[in-house]
Protein chains: 2
Amino acid sequence: MAPTRNSKPDKVAIICQALRRAIIEQALKPGTKLPEDALGERFGASRTIARHALGQLAAEGLVELRRNRIAVVATPSWQEARDTFDIRIELERLVVRQLAGQLDAGQIARLRAHVEAEEGARGGPDAVSIRLATEFHILLAEMTESPILIRYVSEISYRCCLILATFSRPHSSDCAISEHRALIDALEAGRVEEVMNLMHHHLEAVADRALVAPAKPRGRDIMDILAPYAEPAPVPPAGQPRVRAIMR
Amino acid sequence: MAPTRNSKPDKVAIICQALRRAIIEQALKPGTKLPEDALGERFGASRTIARHALGQLAAEGLVELRRNRIAVVATPSWQEARDTFDIRIELERLVVRQLAGQLDAGQIARLRAHVEAEEGARGGPDAVSIRLATEFHILLAEMTESPILIRYVSEISYRCCLILATFSRPHSSDCAISEHRALIDALEAGRVEEVMNLMHHHLEAVADRALVAPAKPRGRDIMDILAPYAEPAPVPPAGQPRVRAIMR
DNA sequence: CATGCGTCAACTGCATGCAATCAGAATGCC
DNA sequence: GGCATTCTGATTGCATGCAGTTGACGCATG
């Protein structure tokens with residue numbers, strides 16, 4: 001499992017997985033530079049391989065690739081974050097719709113065990129809590145055995161971690177755990193409508209906790225802060241700027 | 001937009017785009033081999049670049065990459081096809097939900113112009129009709145200006161083309177055109193619920209036209225054809241074989 | 001002190017080369 | 001003739017090398 005699983009688990013995949021974990025545990029913060037040389041050296045591979053891995057991660061939206069520039073960990077905008085959660089909600093509603101009442105005892109047990117692990121990580125660092133919470137959702141997706149759904153939910157869940165890293169403040173995961181438990185109960189009981197609503201509200205709650213204000217909580221990038229003031233239209237930047245309608 | 005945008009649109013991107021088009025126009029059928037050498041030579045690039053492009057396409061689900069084996073155009077299974085359409089329906093409902101009543105006259109005009117193009121292509125080859133129909137949906141997605149939504153809808157639309165190529169028979173696009181017109185009308189009128197339902201039924205209809213029978217219409221892969229017969233459960237392969245636990 | 005400019009190191013974009021692995025044909029055996 | 005085996009060309013996995021571009025530092029200037 002470490003370096004060589006069966007015969008060759010592909011160096012590119014190894015680097016991708018490592019970077020994904022580093023990103024969702026916030027060891028790599030948004031905006032962090034990822035030079036090909038450094039990655040290659042760190043993982044005992046050539047620049048070619050590191051480059052390929054960065055390409056994959058870029059396709060997943062986790063890193064930004066600018067031509068002739070050093071790749072960086074993606075920094076989602078607030079609007080992208082909002083859209084991402086909207087999509088995630090629909091995808092995960094699909095997951096629980098497929099799963100409600102279809103899980104066997106073993107699967108339910110696995111889910112409950114995972115929530116136990118989340119419970120056990122409450123004292124620990126935020127990074128672990130976030131990772132476990134994310135993995136809970138991916139675990140659910142995997143139970144659908146639908147490759148596409150698994151891929152999309154995994155991808156978007158990782159992106160949401162990135163969003164949390166970008167916007168969220170110290171994070172309280174208590175509510176998430178109880179919400180996960182409620183989800184499992186409803187899944188087991190097979191109440192489709194209820195579990196879809198639970199998932200919807202759960203994710204909405206996660207999003208709300210992260211995305212309270214449309215303005216960036218911290219002055220990460222001065223350009224973004226000034227963006228509204230650079231608009232040709234002389235609209236005073238007051239109140240809740242209705243994000244989509246006009247402002248892009 | 002053409003081959004060279006400003007100065008350097010990245011050779012990898014060029015190859016990706018070319019292959020995508022070839023795939024959605026069914027010039028490259030599912031299962032077609034894509035050797036790195038050949039691609040590189042054909043596009044005047046090195047194998048490294050072709051390889052990278054294949055990696056990107058694999059991340060999008062358009063090609064399958066098996067270790068030490070020649071890459072091939074992906075061949076979705078019937079169940080994957082069904083799941084893909086389910087996801088697509090939700091994504092595109094999101095698109096029209098955001099767009100209803102928000103489009104300006106110019107955008108409406110662009111949409112109608114596109115449908116005109118579809119109309120004009122009715123006599124032509126299926127490949128063009130399919131491509132145009134797909135581009136209509138991508139055009140809609142682009143009007144949301146949500147990068148994530150655009151990416152996902154584009155990706156999944158391409159995959160659906162692949163599905164059509166795999167399962168569909170001669171294809172009749174007449175209904176699709178009128179359905180597109182109805183969508184535009186509802187979008188312009190801003191009736192959110194109606195346009196979401198229209199999109200839902202439109203895509204459901206497309207899926208139904210393509211996925212009439214769960215068994216593969218043509219014996220592309222003998223293993224898949226025999227798969228139902230290899231099941232341990234002695235269920236006669238009649239009627240609608242509920243592929244998943246309860247199928248969706 | 002702030003600003004504009006030139007030089008340079010660092011980094012990316014891409015091609016090529018070499019070893020490892022695989023698919024298929026030719027061969028040998030029963 | 002049917003089947004297993006070996007051998008070889010074809011193809012991938014990966015590293016390295018070279019050219020072009022970018023960003024940053026340092027220096028000169030107002």
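Note on naming: letters A, B, ... go to the chains in the order of the sequence lines (proteins, then strands), and numbering restarts at 1 for each one.
Once rounded to the nearest 0.5 Å, the distance linking CG of B/Leu62 with CG of B/Leu34 reads 10.5 Å.
When the C1' atom of C/dA23 is taken as reference, atom NZ of B/Lys33 falls 8 Å away, rounded to whole Å. Here the P atom of nucleotide D/dC14 and the CG atom of B/Leu65 are 11 Å apart, to the nearest Å.
A/Ile156 is listed as a side-chain neighbour of B/Tyr152, based on a closest heavy-atom distance under 4.5 Å.
Residues satisfying the side chain to side chain donor-acceptor pair (under 3.5 Å) criterion with A/Arg88, sequence neighbours excluded, are A/Glu92.
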Protein-proximity profile, nucleotides 10-17 of chain C, B/S/- by nucleotide at the 4.0 Å heavy-atom cutoff, equals -SBBBBBB
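Below 30°, between 30° and 60°, or above 60°: for A/His52 and B/His52 the angle between ring planes is above 60°, a perpendicular geometry.
If you check the side chains of A/Arg20 and A/Gln17, you find a donor sitting under 3.5 Å from an acceptor.
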